[in-house]
Amino acid sequence: MDDTNIISGSLDRTIRIWCATYYIPIRVIYCQAEILHFTFDKQLLIASSSDKRLVFINRVQEIPSHSISGGDHVINYIWLYGSRFITGDKSGLVKEWDLPSGALLRILHGHLAEVYCIQANKNQIMSSSFDQSIKIWSLAALKYTDNVFDKF
């Protein structure tokens with residue numbers, strides 16, 4: 001959501017942009033698979049879909065620009081920051097990607113079950129998983145540096 005729009009993704013394979021004032025849809029973007037999660041900034045929206053792809057949508061033109069494979073597992077969560085984005089998937093992997101190229105930069109191993117939430121900044125990533133743990137990952141060390149909660 002921003003000041004003028006609300007954005008929703010759906011299992012009906014659509015992303016809808018709604019008028020935040022009148023709560024009516026102003027644009028429907030059709031995708032090839034069910035939308036599971038998305039994140040956005042002023043220029044770009046990235047959505048994960050049930051076909052294990054990441055769909056990139058230009059927010060100015062409100063059209064999909066391209067898609068890339070997210071890997072072998074469905075992506076549950078996406079966090080966009082700067083020129084990077086982070087994903088967490090059903091296998092428990094946390095992945096860092098380069099935004100301009102869509103290239104996979106690194107894979108972080110440590111969770112034993114699917115990742116369902118991520119927050120990040122330029123130094124670290126926090127991820128939580130159905131293995132009942134929250135991990136803090138140092139981007140410099142390329143590994144998790146702390147288990148905030150383990151089996152909470």
Side-chain angles (χ1 to χ4, degrees), residues 1-11 14-18 20 29 31-152:
M1 184 169 158
D2 58 28
D3 294 340
T4 59
N5 296 322
I6 299 169
I7 301 174
S8 64
S10 177
L11 296 179
T14 64
I15 294 172
R16 295 176 191 269
I17 301 171
W18 303 77
I29 301 167
C31 300
Q32 293 183 2
E34 294 90 353
I35 302 302
L36 304 176
H37 185 77
F38 65 88
T39 188
F40 62 90
D41 62 17
K42 291 182 180 188
Q43 298 177 2
L44 180 69
L45 183 145
I46 306 172
S48 66
S49 59
S50 62
D51 62 357
K52 304 175 190 166
R53 297 197 64 77
L54 292 163
V55 180
F56 295 78
I57 297 170
N58 179 312
R59 289 212 44 217
V60 176
Q61 298 172 338
E62 297 179 345
I63 57 170
S65 58
H66 64 287
S67 69
I68 61 171
S69 172
D72 295 332
H73 302 279
V74 169
I75 292 173
N76 293 334
Y77 203 89
I78 309 165
W79 178 262
L80 176 63
Y81 74 102
S83 64
R84 307 258 195 261
F85 65 97
I86 308 292
T87 60
D89 70 24
K90 240 176 162 35
S91 72
L93 296 177
V94 175
K95 298 177 182 177
E96 183 181 23
W97 305 76
D98 179 63
L99 185 57
S101 69
L104 178 62
L105 299 175
R106 64 184 98 188
I107 300 174
L108 304 173
H109 301 269
H111 285 295
L112 303 175
E114 65 185 275
V115 174
Y116 62 86
C117 190
I118 294 172
Q119 298 286 309
N121 62 34
K122 63 181 180 179
N123 300 317
Q124 61 189 16
I125 300 167
M126 285 184 62
S127 59
S128 58
S129 166
F130 281 112
D131 66 6
Q132 300 180 350
S133 71
I134 298 172
K135 300 202 181 292
I136 299 175
W137 307 82
S138 165
L139 290 178
L142 301 178
K143 65 179 184 177
Y144 68 90
T145 57
D146 194 13
N147 282 324
V148 176
F149 295 103
D150 223 354
K151 306 287 183 200
F152 55 89

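Hydrogens, waters and symmetry mates are skipped; everything else that's a heavy atom, side chains included, is used.
- Residue L108 comes nearest to W137 through the heavy atom pair CB-CZ3, 3.3 Å, listed as atom of the first residue, atom of the second, then distance.
- Summarising the geometry of K52 relative to G71, their closest heavy-atom pair is CB-O, 3.8 Å, with the distance given to 0.1 Å.
- Across all non-hydrogen atoms, the minimal contact from I15 to A47 is CD1-CB, 3.9 Å.
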Could you list the donor-acceptor pairs under 3.5 angstrom formed by side chains in residues 74-81, with sequence neighbours left out?
unit_1 : atom_1 : unit_2 : atom_2 : d
N76    : ND2    : E114   : OE1    : 2.9
N76    : ND2    : V115   : O      : 3.0
W79    : NE1    : A120   : O      : 3.2
Y81    : OH     : E96    : OE2    : 2.9

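- The structure places CZ of R59 at 9.0 Å from CG of L44, a figure rounded to the nearest 0.5 Å.
- The OG1 atom of T39 lies 11.5 Å from the CD1 atom of I86; values are rounded to the nearest 0.5 Å.
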Point to revise | Residues H109, L93; criterion side-chain contact (heavy atoms from CB on, under 4.5 Å); working and verdict | key: CA-CA 6 Å; H109 301 269; L93 296 177; 3.2 Å; yes
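- Of the inter-residue distances, the one linking I118 atom CD1 with K95 atom NZ reads 11.0 Å to the nearest 0.5 angstrom.
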Review point. L99 and F56: side-chain contact (heavy atoms from CB on, under 4.5 Å), yes or no, with the steps?
Key: CA-CA 10 Å; L99 185 57; F56 295 78; 4.0 Å; yes
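- Contact of the S128 side chain with the I134 side chain is registered, since non-hydrogen atoms from C-beta on lie closer than 4.5 Å.
- The two residues A33 and S49 have their closest heavy-atom pair at CB-CB, 4.0 Å.
- Crowding of N123 atom CG: a count of heavy atoms from other residues, nucleotides or ligands under 6.0 Å exceeding 12.
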Exercise for review: Begin from the C-alpha positions of I57 and F38 and carry the test side-chain contact (heavy atoms from CB on, under 4.5 Å) through to its verdict.
Suggested key: CA-CA 10 Å; I57 297 170; F38 65 88; over 6 Å; no
Check your understanding: How far apart are the C-alpha atoms of K135 and V94, what are their side-chain angles, what is the distance that settles it, and do they pass the side-chain contact (heavy atoms from CB on, under 4.5 Å) test?
Key -> CA-CA 10 Å; K135 300 202 181 292; V94 175; over 6 Å; no
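- The minimum heavy-atom distance between V55 and P64, with the atom names listed, is CG1-CB, 4.3 Å.
- Open room surrounds CD on Q32; 12 or fewer heavy atoms of other groups in view lie less than 6.0 Å from it.
- Pairing each heavy atom of W97 with each of S69, the nearest pair is CH2-O, 3.6 Å.
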